[in-house]
Protein chains: 2
Amino acid sequence: MQEDIHATKLAILKATERLVAANGFEATSLRAITAAAKVNLAAVNYHFSTKDALILAMLNRRLRPVNEARLALLDQFEEEAGENPVTVEKILEALFRPVLDVVSGRAKGGRDFLRLLALALAEPGAYLKPLVEKEFSEKTRRFHHALRRTLPGLSEVEAHWRLHFAHGVFFHAVVHSAVLECTSKGRCRITSAETVLRRIVGFCAAGLRNPA
Amino acid sequence: MQEDIHATKLAILKATERLVAANGFEATSLRAITAAAKVNLAAVNYHFSTKDALILAMLNRRLRPVNEARLALLDQFEEEAGENPVTVEKILEALFRPVLDVVSGRAKGGRDFLRLLALALAEPGAYLKPLVEKEFSEKTRRFHHALRRTLPGLSEVEAHWRLHFAHGVFFHAVVHSAVLECTSKGRCRITSAETVLRRIVGFCAAGLRNPA
DNA sequence: GCTTGATTCAAACGAACGTTTGAATTAGCC
DNA sequence: GGCTAATTCAAACGTTCGTTTGAATCAAGC
């Protein structure tokens, strides 16, 4: 369905991603986007109706494959585990590795994808809510179920809260890594996806398992 | 020094806080701010030079007392502990309770303060960096030192990382509580500052103590 | 090869923005 | 009460924005 996407549409999406990452939502004008994409100014309104819809489409283009990859990885781990529940560490890896792959991947636009998501989420008006509801519902359901199977002591609400906390660790660590680098005076920085993933998983696994 | 702040200046700051929280940075015009504050349009440029400086002043107005309260609370806990190191739970409480006080306080503008900070942090250009460096440096130093005294097994960098993770838990839980409420289908919501603080502290304490 | 629908294009629209200006007003001081 | 600096004010400046329009161009089916 995305294969036969129009070349103009794709060029606009790519340019939007790059420019918004560099300058922010409001600071990126349709004129800058269409100039970078080498398309006509009116093409945005023709293909996406409005600027807001373009932003949503841009985010969703990254978000959907990530969530699909998360589910696929969880599938794989569950299959490998056979009868046994998947370990907490594997659950966390299935949650975070696909995002790290995008963020640290070769694709230029992916690098700032998470920060843009954070920006959009923090924006008032909750205009991301329909997207969140649609794209996150199955992911939430599956990982929530997996976690409760692994840690049967967790109540339903407690599992929700702790998964939310784990997302917070990952989100904050990746999006605001510059803050850590600043406050630690350069002593802490993300060198590789693997090492930061190990740190995050270690911290979150302990928090998830906490019996209290 | 803030006592004798000019009435016009204060009115602008308050109006800015309220409007930016409701509509976002770029969507809030100086005209809307000055209209709400019942001051002249040019007063903003007169008292704050520029719109960006106004935003910074607005954030700093909340940030500074919060960080002072954090340090005061840590002082108190250290005094109560006497010779012993402060418990991990107390350290976390000193970090997060002052923020929760602002967020859940009576002051209307405080409610969205953390979200605005998240928004500003996620914005490109790192124009918050000088503010972070200035306002966070002592806080970081003191809490980092306290944590390493309590958990001597942590290396210096590891302590930095884990404190960063703990901030992520808190930040995400409070700022994006709407996402949790959405994905949990309303089963999880912040009912009181006390209960959410207990959950957060429990999760983070386990993560901080994790020996691995 | 004409028709029909989809797409691109240059141009303009109307509105809103942050900032500046220079005069008017106010407040503090001798 | 007159001098000075600080503050407020109405008005305008120049720019940029998202969107619309209507004609031009392209693609494909018959």
Side-chain angles (χ1 to χ4, degrees), chain A residues 1-61 116 119-120 123-125 127-128 131, chain B residues 1-61 116 119-120 123-125 127-128 131:
Chain A
M1 52 166 104
Q2 295 259 111
E3 267 67 30
D4 60 346
I5 190 172
H6 210 289
T8 303
K9 226 167 161 177
L10 189 61
I12 292 175
L13 283 172
K14 285 185 175 177
T16 303
E17 193 168 56
R18 188 159 46 85
L19 291 175
V20 169
N23 306 318
F25 287 125
E26 317 282 341
T28 303
S29 68
L30 293 186
R31 283 169 172 81
I33 290 173
T34 52
K38 295 188 207 300
V39 302
N40 187 271
L41 169 60
V44 168
N45 299 88
Y46 178 77
H47 286 284
F48 298 95
S49 315
T50 176
K51 186 187 181 183
D52 283 355
L54 166 64
I55 303 290
L56 274 181
M58 174 203 78
L59 287 173
N60 205 13
R61 188 171 83 99
L116 295 184
L119 232 166
E123 200 95 349
Y127 85 115
L128 261 194
L131 194 149
Chain B
M1 53 162 100
Q2 295 259 111
E3 267 68 31
D4 60 345
I5 189 173
H6 210 290
T8 303
K9 227 170 160 175
L10 189 61
I12 291 174
L13 283 172
K14 286 184 175 178
T16 303
E17 193 169 57
R18 188 159 46 84
L19 290 175
V20 169
N23 306 318
F25 287 124
E26 317 281 343
T28 303
S29 68
L30 294 186
R31 284 168 172 82
I33 290 173
T34 52
K38 296 189 206 297
V39 302
N40 188 272
L41 169 61
V44 168
N45 299 90
Y46 177 77
H47 287 284
F48 298 95
S49 313
T50 177
K51 184 187 180 182
D52 283 356
L54 166 64
I55 303 290
L56 275 181
M58 174 201 79
L59 288 173
N60 206 12
R61 189 169 81 100
L116 294 184
L119 231 167
E123 202 94 346
Y127 85 116
L128 261 194
L131 194 150

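A note on names: the letters A, B, ... follow the listed sequences, proteins ahead of strands, and every chain is numbered from 1. This is a predicted model, so every value here is computed, not measured.
- In plain terms, the two heavy atoms of B/Leu13 and B/Arg61 that are nearest each other are CD1-CD, 3.7 Å.
- Looking at B/Thr50, its side chain never comes within 3.5 Å of a backbone N or O of B/Ala53 through a donor-acceptor pair.
- Heavy atoms only, all atoms of each residue included: B/Met58 and B/Thr16 are closest at SD-CG2, 3.6 Å.
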Item to check | Where protein sits on nucleotides 7-23 of chain D, one letter per nucleotide: B base, S sugar-phosphate only, - none, heavy atoms under 4.0 Å | outcome: BBBB-B----BBBBB--
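- Closest of all the heavy-atom pairs between A/Phe48 and A/Ile12 is CE1-CG2, 3.8 Å.
- Across all their heavy atoms, B/Leu19 and B/Ala32 have their closest contact at CD1-O, 3.5 Å.
- Smallest separation of non-hydrogen atoms from A/Leu119 and A/Phe25: CB-CE1, 3.8 Å.
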List, one per line, each side-chain donor-acceptor pair under 3.5 Å for residues 34-43 of chain A, sequence neighbours excluded.
from	atom 1	to	atom 2	distance (Å)
A/Thr34	OG1	A/Leu30	O	2.8
A/Thr34	OG1	A/Arg31	O	3.2
A/Asn40	OD1	A/Ala42	N	2.9

Item to check | Stepwise side chain to side chain contact (heavy atoms under 4.5 Å, CB included) test for B/Lys51 and B/Val44 | outcome: CA-CA 7 Å; B/Lys51 184 187 180 182; B/Val44 168; 5.6 Å; no
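- As a whole-Å value, the separation of B/Phe48 CZ from C/dG18 P is 15 Å.
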Could you go over nucleotides 24-26 of chain C and give all protein N or O partners under 3.5 Å, atom names and distances?
none

